[in-house]
Every structure is written in C-alpha cells, then in structure tokens.
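Notes to accompany the following structure.
Chain naming here is simple, since letters A, B, ... match the order of the sequence lines and numbering starts at 1 in each.
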Amino acid sequence: MKSSIHALLTKALENLVSKGVLESVPAEETIQVERTRDPSHGDFASNCAMMLCKSAGMKPRDLAQQIIDSLPGSHLIQEVSIAGPGFINFRFSSSAWHTEIRRVLEEGVSYGTSHLGKGEQVLVEFVSANPTGPLHVGHGRHAAYGASLANLLEAVGYNVRREYYVNDAGRQMQILALSLWLRYLELHDVAAALPENAYQGEYIIDIARDLQAEHGDSLVRDPSVLPSVTDAEDKETALSDLIAACRELLGEDTFRIVQDKALDAILSDIKDDLSEFGVVFDRWYSERSLSETGAIDRALEKLQANNHTYIKGGATWFRASDLGDEKDRVVVRDNGQTTYFASDIAYHLEKRERGFEILLDVLGADHHGYIARVRAGLEAMGEPPGSLEVKLVQFVSLFRAGKKEQMSTRSGQFVTLRQLREEVGNDAARLIYVMRSNDQHLDFDLELAKSQSSDNPVYYIQYAHARVASVTRQLHEKGYRWDPESGLASLHALENPHEMALMKTVTRYPEIVETAALNRAPHMLVHYLRDLANDFHTYYNAHQFIVEDQALRDARIGLIHTARQVIANGLGLLGVSAPDSM
RNA sequence: GCGCCUGUAGCUCAACCGGAUAGAGCAACGGCCUUCUAAGCCGUAGGUUGCAGGUUCGAGUCCUGCCAGGCGCGCCA
C-alpha cells in the first residue's frame, strides 16, 4: 500500500524534472511516505515537498501543489490534499483497501513476506553461551530475540543462516572438566575440595553420575597430591595450577575424556532446551575446529601480510588501535598459544569466506567493548568492517513476587531458561522476551507472564485469534457456511469505523514486518499485534458477525479471517503459537 | 579517567530516515454480560520527554555541555 504511493510520487517528481521544475529525481530515501497518525490527515502522508523545496527554490506548499498536479491518475486514490507546512496527504479509495484485503486471503501464510532483502546472505549468530552450564533466563532473551530477528529477515527476503558459536576451547572448559572430575571423586567418597571459583552447579553432579556409570571407578586418583586453592592468595592462578596438576595426574587423554563428557552433556542439554523453545540453529560452530581447519592460521597470516602485527614481550600483537579500537590486542601469547580474540576474528573471517555479506551478531550488552576490535580485525584482513553488525541485548532482571532474583552461573544460583519455560510456558516467554527493544533493560515478571488477563499481552493477542476460530465454529453450528468470494464481493458493506479501522490495521502488516526487519526490532511486531488484537476485540464487542444478511455476514467473516491470518503470521515469526481455543 | 547503552504519565514501556495535537498497558476512578469466549469492550484522569544551550520550516529523536543509572575497559573466555 505504502509502496504504491511511493511509486506515484516518484512518477510525479519525474514529470516535474522533465518540466524543468526540479533538477533531478531525488534519492529514494528522501521520498518518505508514512501512515498518518491522525485519520483526518488521510491514510498516508509525504513530506517530500518540504524536503525538496529548498533545492527547488520554492515555497513548500507551492511545490506540493505542483507535485499533486503532476501525479498520474490512480483508482487507488480518493483524495489528495496539502496540509500544514506542506504535507501531501493521500486518502485511499475503499476499493484500494478491498484489493489489499483480497490479497491477505489469497496469500494466506505468505502474506507479509517480500523480496526486500534480494536474497542477500545473512549469518545471524546468537546465544553462543559458554557450554559450561544450563542456559539461564538471560540467554533466553538472546534466543528469543535472535530467532525472531532471523525469522523477520527471512520473511523480507534475506537468505538467513542461524549459528551458535560453541566455546569448546580454553580455560573455562578446563575449569569445567576439573569441576566434573572433583564431583566424580565425591561420588566415590574421595575427599577433594571443590574450589569456590570452580563450577558449583548441581547439574555437574548429575553429569558426574553419568561419568561414574560409564567409567566406574577407573577415573579415580588420589587427590592428596593436588595443590590447594582455598589457602592461596591469587585464587585464579591457584586454580590454573590445580588444573595443570590434575591434567598431569590423569594424563591428557583421560582429562580429555572428562572434558568431552562435560561438554557433550551440557551441549546436548542446551540443544534440547533451545529446540523445545522453538529456537533452531543451522550450525553449531566449534571454536576448537578453527585451529583444526587452519582458520586461525589463515587469519593471522592475513594480519601479518597486511602489516598489522608486531612482536612485543614475546607476544604477537594486532595493531587494532590503528583501526579504531582503543588499544592493541594480543593474538598470540608469549607461550605460543593463540588468544580467544584470535579465534574470534578467525571465525568472522571464515564467515566471510563462506560468502555471508552481513554478519549479524547478537551479543550481551557487556560485550560492547569487543565490537571495535573485531571490526578492526575484519578491516585488517581486507574485509569490509561494515559487514559486521552487532545487536546488543541488555540484561534481564527476573522478578518473583516483587523480589528481584539474583543470577550467577559459577555459584550455581540462577533460574534456568528451562525452569522459566516450565513455569510460564514457551509462548509467554518468547513474547515477553521480545516485547521490549533489545537495548532496553527487561524486567521479566513471572507473575505477570503467568497471569491470564489483559495485563498479559500474550493472552490478549492469542485470545483474538481464538475468538475468530470460535466464531467460525459458531457459524457452522448455526448451519451457515462462509463463502469467501461472496465476502470479498461484499466488502463495500463494511463501512462502519470499526471495520475501516480493522481493515487499515490488518493491511499495515507488510509494512510492519519490513520496518521491524530493517530496524532489527521484533518488538515493533509485538506492539503492532497488540494494536491489531485491540482493533479486533473492539470490533467484536461493537458488532455481531453472524448476522442474517448473507452478504454482510460473509464480508464480516472475511474481514476477521484476515485479522486471524495476520495474527497467526505475526505470532509465527515470533515463535508463538496461535491457538484456536483458549 | 575513557568508551557504549539508558533517562518519556505513579509503574513498565512505544513513538518507523527529524514530521502535524508524544501514544499503549498496568495501577486509580466510572460504565458494559439474556446476544459469536467479560482472558473482552467503552469512558475519565494522568506529561516542561533528566537539565541547559544549539542546529531548522519543524527536535523525545540530531550536535555540545552537565546530572543520574547500567555495563565495559586482561598475554580471561
């Protein structure tokens, strides 16, 4: 609908150029068309006369008049007028709305999709939580946001892949392995203190039981030779010493067995969790594989070849400060080991090598410092820095009965995503997670999410969908049958304000999907669906749909079917179900 | 100290690339069930968009400086 106005305006401006009134047709972005906020201003408005008046050397209202005079005729438009400082207001004819309503019914589940993205390849990387424990409620927001965003991008014609970067290398994994082994010793009544900075979570005991079932007591060693962490001043160093001693005691192969056991158990738990949450990934990308495939070496070679590295203190540094980062970064430590950062830029290089044009990372707000350095890394390796786009997701605060819950993975005191899902349900969780802008802190209220009332937007929207389904059932019980063609032919009968409002809101859907996708803002879709549900509920209360008059009845049922369709499509993009009864 | 994010109604938040009279929900108050699900609808009330300047036809939105809150600044991952 909006695009047809856009096309008409472009035509008008071209006409003015050929008449010599304007010098050239302006860039597409400067021709703005918006839905009006106030119905008295018509349906759509453009500010282009005000934008162009200066270069044309005319008063805005005069230019607006010229533009209007140059508009090609269209059956869509009922009225065009100039308002305020120079807005051009368009009012659609009712047949324009009816045509769009027909489209909704014809296109069904694909209504709202478009080819805006032109098949451009996008890699959305999200969640990517360390596989050191179950996902907690914060990860849930990342999952819901990333999945909805990926769906939106796909809907507007991007070629989207979803990826989870698995941090299966490095120190955290070793701490995890150590924690598991110590828990395993506990099961065999071998006394060994679990350091406070190791992983304390109960879930590790469960994994230890599995380990015990698979290996019996064959992994038991005498821990008395191990150094103590508790008495140490520097607990992190002491923990590293303990890990080193443990590896020596067990041997590398056995230590690896323990580590892989922990990784496999936790990763498969994460996969199940996300899949139950309706969040699926095309690929689980192993950090470890980066060194195995030589991706890290390739990245380092590119940095060196482009003269972006230097040696200092035995380590290899990346000259990131030359490319917008605040300081230089180590890529190879003095002990020869590559850093996490080296893996990271290697991973992003590898994404580019696979042909992705947009690398869209969904990260926690605490990772903002890392954007500049990865971007610098891409640039140094000869990739466009703008190909990396990062969306930061702010923290989630969980409230239970007005009390804020504290979360910490290492201490093991946190509410897991699974617990949350079991308590409030997947639908409520998915929707509440994305109803706020990603760069806004989210207060997740468990009582609200569970409440079956209007303060809960999940039920409000789903209820609208269920009501339409219920009307359809009632229709059949009363012996009627809905004839879509008759309904479409009778749309002119729908002229009361509630019907016009609903029609206009329903047909706004494609525009919403587009702006939500381009702004990476699923919350816009949530707000829209709430508005749509509101228009439907209002209509429902004001008018009877199942009436004697067949033409009117078919038209009304047709209209509410479009509302149902759009709600189902929208909720589908958000990973929320659209039930037929509640 | 430097950097990123946030500040809008009593509370939680919207406001599409700078547009016309800043909008919803909750909470408060008052109405609507003999009629397709009241998990709903309608109405009333609620604002100097943190503060001070600036840019322009027009600023919650952009720029500068303050104030307040969150987060980040490792040869950790």
For a quick test of reading the model: is some side-chain N or O of Tyr459(A) closer than 4.0 Å to OP1 or OP2 of rA38(B)? no
Could you check if the base of rC26(B) is syn or anti? Syn means the glycosidic torsion is within 90 degrees of 0. anti
Indicate, with a heavy-atom threshold strictly under 4.0 Å, whether Met582(A) touches base, sugar-phosphate, or nothing. base
Answer syn or anti for rC63(B), where the cut-off is 90° from 0 on the glycosidic torsion. anti
Could you measure between the two P atoms, the one in rG30(B) and the one in rC17(B), and give it in whole Å? 42 Å
Under 4.0 Å, heavy atoms only, any strand: does Ala466(A) hit a base, just the sugar-phosphate, or nothing? base
Looking only at atom types and distance, does a side-chain atom of Thr472(A) sit under 3.5 Å from a main-chain N or O of Val468(A), one as donor and one as acceptor? yes
Between Ile243(A) (CD1) and rC76(B) (P), how many Å, whole number? 13 Å
Spacing between Leu52(A) atom CG and rU56(B) atom P, to the nearest angstrom: 19 Å
Regarding the side chain of Arg333(A), the nearest nucleotide among rC76(B), rC73(B), rC13(B) is rC76(B)
Under 4.0 Å between any heavy atoms, over every strand shown, what does Asp439(A) touch: base, sugar-phosphate, or nothing? Just pick one. sugar-phosphate
Among rC16(B), rC36(B), rC75(B), the nucleotide that comes nearest once only the side chain of Phe545(A) is considered: rC36(B)
Give each stem of RNA chain B as a range with a range, requiring at least 3 consecutive Watson-Crick or G-U wobble pairs whose two distances are under 3.5 Å. B:1-7 with B:67-73, B:10-13 with B:23-26, B:28-32 with B:40-44, B:50-54 with B:62-66
Rounded to whole Å, how long is the line connecting atom CG of Asn47(A) with atom P of rC57(B)? 14 Å
Test item: side-chain donor near acceptor, Arg564(A) and His465(A), under 3.5 Å: yes
Is there a donor and acceptor pair closer than 3.5 Å between the side chain of His367(A) and the base of rG72(B)? no
Taking the minimum atom-to-atom distance to the side chain of Arg171(A), which one of rG40(B), rA77(B), rC13(B) wins? rA77(B)
For Ala83(A), answer base if it contacts any base atom (sugar-phosphate contacts may also be present), sugar-phosphate if it contacts only those atoms, and nothing otherwise; contact means non-hydrogen atoms under 4.0 Å. base
Applying a 4.0 Å non-hydrogen cut-off, can you work out what Gly313(A) is touching in the nucleic acid: base, sugar-phosphate, or nothing? base
Within the structure shown, what part of the strands sits under 4.0 Å from Ala516(A) by heavy-atom distance: base, sugar-phosphate, or nothing? nothing
Can you tell me how far the CG atom of Leu502(A) sits from the OH atom of Tyr539(A), to the nearest 0.5 Å? 7.5 Å
Would you measure the distance from the C1' atom in rC67(B) across to the matching atom in rC11(B) and give it in whole Å? 23 Å
When Gly170(A) and Met524(A) are each assigned the nearest nucleotide of RNA chain B, the 5'-most assignment goes to Met524(A)
CZ of Arg91(A) to OG1 of Thr36(A): how many Å apart, nearest 0.5 Å? 8.0 Å
Here the distance between atom C1' of rG74(B) and atom CG of Asp325(A), to the nearest Å, is 13 Å
To the nearest 0.5 Å, atom CZ of Arg288(A) lies from atom CE of Met173(A) at 6.5 Å
I want to know whether Tyr433(A) and His142(A) have ring centres closer than 6.0 Å. no
Nucleotide nearest Arg530(A) when distance is taken to its side chain, options rA24(B), rC16(B), rA39(B): rA24(B)
Whole Å only: how far is the CG atom of Leu442(A) from the P atom of rU6(B)? 15 Å
Looking only at the side chain of Asp334(A) (C-beta and beyond, no hydrogens), which of the listed nucleotides rC13(B), rC75(B), rC57(B) gets closest? rC75(B)
May Phe87(A) be described as stacking on the base of rA20(B), applying a 5.5 Å centroid limit and a 30° limit on plane angle? yes
Distance-only donor-acceptor test (3.5 Å): side chain Asn89(A), base rA20(B): yes
Using a 4.0 Å heavy-atom cut-off across all strands, classify Thr538(A) as base, sugar-phosphate, or nothing. sugar-phosphate
I'd like to know if Asn541(A) reaches the base of rG40(B) with its side chain such that a donor and an acceptor end up less than 3.5 angstrom apart. yes
Over how many whole Å does the gap from Ile512(A) atom CD1 to rA15(B) atom P extend? 10 Å
Tyr165(A) ring center within less than 6.0 Å of Tyr347(A) ring center: yes
Indicate, with a heavy-atom threshold strictly under 4.0 Å, whether His543(A) touches base, sugar-phosphate, or nothing. base
Touch class at under 4.0 angstrom, heavy-atom based, for Phe395(A) against every strand present: sugar-phosphate
Using heavy-atom distances to pick each residue's nearest nucleotide on RNA chain B, tell me which of Asn130(A) and Asp38(A) is more 5'. Asp38(A)
Return the nearest nucleotide to the side chain of Ile546(A); candidates are rC73(B), rA14(B), rC36(B). rC36(B)
Need one value for Thr472(A): base, sugar-phosphate or nothing, where a base atom within 4.0 Å counts as base even if backbone is also close, heavy atoms only. nothing
Pick base, sugar-phosphate or nothing for Lys312(A), based on heavy-atom distances below 4.0 Å to the nucleic acid. base
Using a cut-off of 4.0 Å on non-hydrogen atoms, how would the nucleic acid contact of Arg329(A) be classed: base, sugar-phosphate, or nothing? nothing
Using atom P of each nucleotide, how far apart are rA39(B) and rC4(B) to the nearest Å? 49 Å
Heavy atoms only, 4.0 Å cut-off, all strands: where does Gln337(A) land among base, sugar-phosphate and nothing? nothing
Tell me every residue that passes side-chain contact (heavy atoms from CB on, under 4.5 Å) with Ser240(A), counting only those two or more places apart in sequence or in another chain. Arg171(A)
Spacing of Leu242(A) atom CG and Thr237(A) atom OG1 [to the nearest 0.5 Å]: 12.5 Å
Could you please name the option among rC76(B), rG3(B), rC57(B) that lies closest to any side-chain atom of Pro85(A)? rC57(B)
From rA14(B), rC75(B), rA77(B), pick the nucleotide closest to the side chain of Ala315(A)? rC75(B)
Using a cut-off of 4.0 Å on non-hydrogen atoms, how would the nucleic acid contact of Gln544(A) be classed: base, sugar-phosphate, or nothing? base
rU61(B) and rG54(B): how far apart are their C1' atoms, nearest whole angstrom? 15 Å
Pair Gln172(A)-Tyr199(A), side-chain donor/acceptor within less than 3.5 Å: yes
Using centres under 5.5 Å plus planes under 30 degrees as the test, is His41(A) stacked with rA20(B)? yes
Base of rC41(B) paired with side chain of His537(A) (donor-acceptor, under 3.5 Å): no
Are Trp482(A) and His561(A) close enough that their ring centers fall under 6.0 Å? yes
Nearest listed nucleotide, side chain of Lys2(A), among rG70(B), rC41(B), rC16(B): rC16(B)
What I want to check is whether the side chains of His498(A) and Asn541(A) have a donor and an acceptor closer together than 3.5 Å. no
Counting side-chain heavy atoms from CB outward, which of rC36(B), rA15(B), rC57(B) is closest to Lys54(A)? rC57(B)
